[in-house]
Amino acid sequence: MTDKNRVWIFDTTLRDGEQSPGATMTHAEKLEIAQMLDEMGVDVIEAGFPIASEGDFAAVTEIAKRSQNSVICGLARAQLPDIDRCWEAVKHARRPRIHTFIGTSPLHRAIPNLDMDQMADRIHQTVTHARNLCDNVQWSPMDATRTEHDYLCRVVEIAIKAGATTINIPDTVGYTAPRESADLIRMLLERVPGADEIVFATHCHNDLGMATANSLAAVEAGARQIECTINGLGERAGNTALEEVVMALKVRHDIMPFDTGIDTTKIMGLSRRVAQASGFAVQPNKAIVGKNAFLHESGIHQDGVLKNVETFEIMRPADIGLNEANIAMGKHSGRAALRSKLRDLGYEVGDNQLKDIFVRFKALADRKKEIYDDDLVALMQDSAANTEADYLQVKHLRVVCGSDGQSADLTMIVGGEEKTVHAEGDGPVDACFNAVKAIWPHQAVLQLYQVHAVTEGTDAQATVSVRMEEDGRIATGQAADTDTILASVRAYVGALNRLKVRREMVGENADAKQVSMYSH
Ligand code: KIV
Ligand code: ZN
């Protein structure tokens, strides 16, 4: 890194983000998201935790092989086999990086039962080993913000001497506050010999809602890499949101004169793709990428924005790739118009995919007079989540509801075979889910069932998200339809398809959560 005001963006959506219970993404989704991150100008992509599973190893390897500009990084615990496995995966990248870590706070030191000296030796040994394999090594003292300052300085110095080129300072449990975050980086820069020769990174979790503020404070104090995820995805309250730090640095360049290499017009496309692949919908009032982030509902605001956009807008929707003209499309819109609209929304579709999407678009246009951008996004998300290759598919549904009772007649395709049942329940959704259960018996427990209207009006599409749990594995399903009950059943079946895939992968040790982050 040459320019002293250049801040590197390290995206960990595919590693820390995917660690959110239920956010597991498929191999194909990970490859697609990595490519989008690379095209967006992300400096480092943390592609996974290669020792965690065969699935993670395969994804990191393939992402490394396909990478163009971004550094491709893999995570490894402070163990030699972890580091070797990580190197095996990332070595295919044009620019590989090994990221190794160990918990250094008193609470974390107690887990592997290492005293301060033993841990220091382990850090020296593992960072040296990583550096012998790769000339780009990142080291993290997990729970750094709750580690004694003297000990933190000591281990950071050891890691630098052993060859670490980036030192990441994680606020693992989202405990720190902005002033503290800055003071910590400043203290390390002042006290640790060799600190001026490496890059300090900041890695914040959002448990107290301060991840963005803490990351920016660390940068002002001298950190030059921000670790973050798209939509702030991540365990518990999530990680620092990429879109927030990048746009904060862009919009408030006057007081934070730091540059990133991010093409911000790609933010919205990535946000939608990650929401769809992870099954974690973006809250409507989420900064930058929430559905309401650029909506002006009140008369005073609308009036002001019409007269001069700067009265109530500090950035333009186009800056993040949001198409301002939410122009309605309808049943007379052709294939070329659809393709161009999808492109505006950040979706590049091939001819075959366009053919399928067009059929679904026409079907929707028959039921709904005007198709808005959000309808198309919902349609694209539904098509990505539910495909004709799925083992379980909903073929036909007829529901009876009202004051005399509720029942469902459901026909599904199960591995190519058609099955029909009749079921009853407490309400139409319950009757439908009982019908699915009769066709495909399972032990999975419904953890979340959410319905959102995509647009306004009684003919609006509903997007339904479902989260299910089975034997500690969590999977989500999503679907959109103008018929809320049909969308509910398709989302439910989508989650069951994902659980089935994950169950089959367990035999190959493909469940990323099988390896404990703490067993050092
Ligand atoms: O939050 C954390 O401490 C981490 C480390 C593995 C870097 O994600
Ligand atoms: Zn983390």
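Counting starts at 1 for both ligands and their atoms, in listed order.
Every atom of ligand 1 is numbered from 1 in the order shown, and the set under 4.0 Å from a heavy atom of Asp16 is 8 (O). Per-residue contacts place His203 under 4.0 angstrom from the following atoms of ligand 1 (heavy atoms of the residue considered): 1 (O), 2 (C), 4 (C), 8 (O). Atoms of ligand 1 lying under 4.0 Å from at least one heavy atom of Met142, given by number and element, are 3 (O). Within ligand 1, counting atoms from 1 as listed, the ones closer than 4.0 Å to a heavy atom of His205 are 1 (O). The Pro170 neighbourhood of ligand 1 comprises atoms 2 (C), 3 (O), with distances under 4.0 Å to a heavy atom of that residue.
Partner of Arg15 under the salt bridge (charged side-chain N to carboxylate O under 4.0 Å, His left out) criterion, chosen from Glu46, Glu235, Glu227: Glu46.
Looking at heavy atoms from C-beta onward, Met210 lies in side-chain contact with Pro178 at the 4.5 angstrom threshold.
Salt bridge status for Glu54 with Arg85: present, with a side-chain N to carboxylate O gap under 4.0 Å. Using a cutoff of 4.0 Å between basic side-chain nitrogens and carboxylate oxygens, Asp43 and Arg6 are scored as salt-bridged. A salt bridge does not link Arg186 with Glu190: every distance from a Lys NZ or Arg NE/NH1/NH2 to an Asp or Glu carboxylate oxygen is 4.0 Å or more.
Nearest heavy-atom pair across Thr104 and Ala144 is OG1-CA, 4.5 Å.
The backbone N or O of Val137 sits less than 3.5 Å from a side-chain atom of Thr165, completing a donor-acceptor pair.
The closest approach between any non-hydrogen atom of Arg15 and ligand 1 is below 4.0 Å.
Coordination check, Asp16 versus the Zn ion (ligand 2): passed, since an N/O/S atom of the residue sits under 2.8 Å.
An angle of 100° is found at the Zn ion (ligand 2) between His205 atom NE2 and His203 atom NE2, rounded to 10°.
Among protein heavy atoms, the minimum distance from atom 3 (O) of ligand 1 is reached at Thr172 OG1, 2.6 Å.
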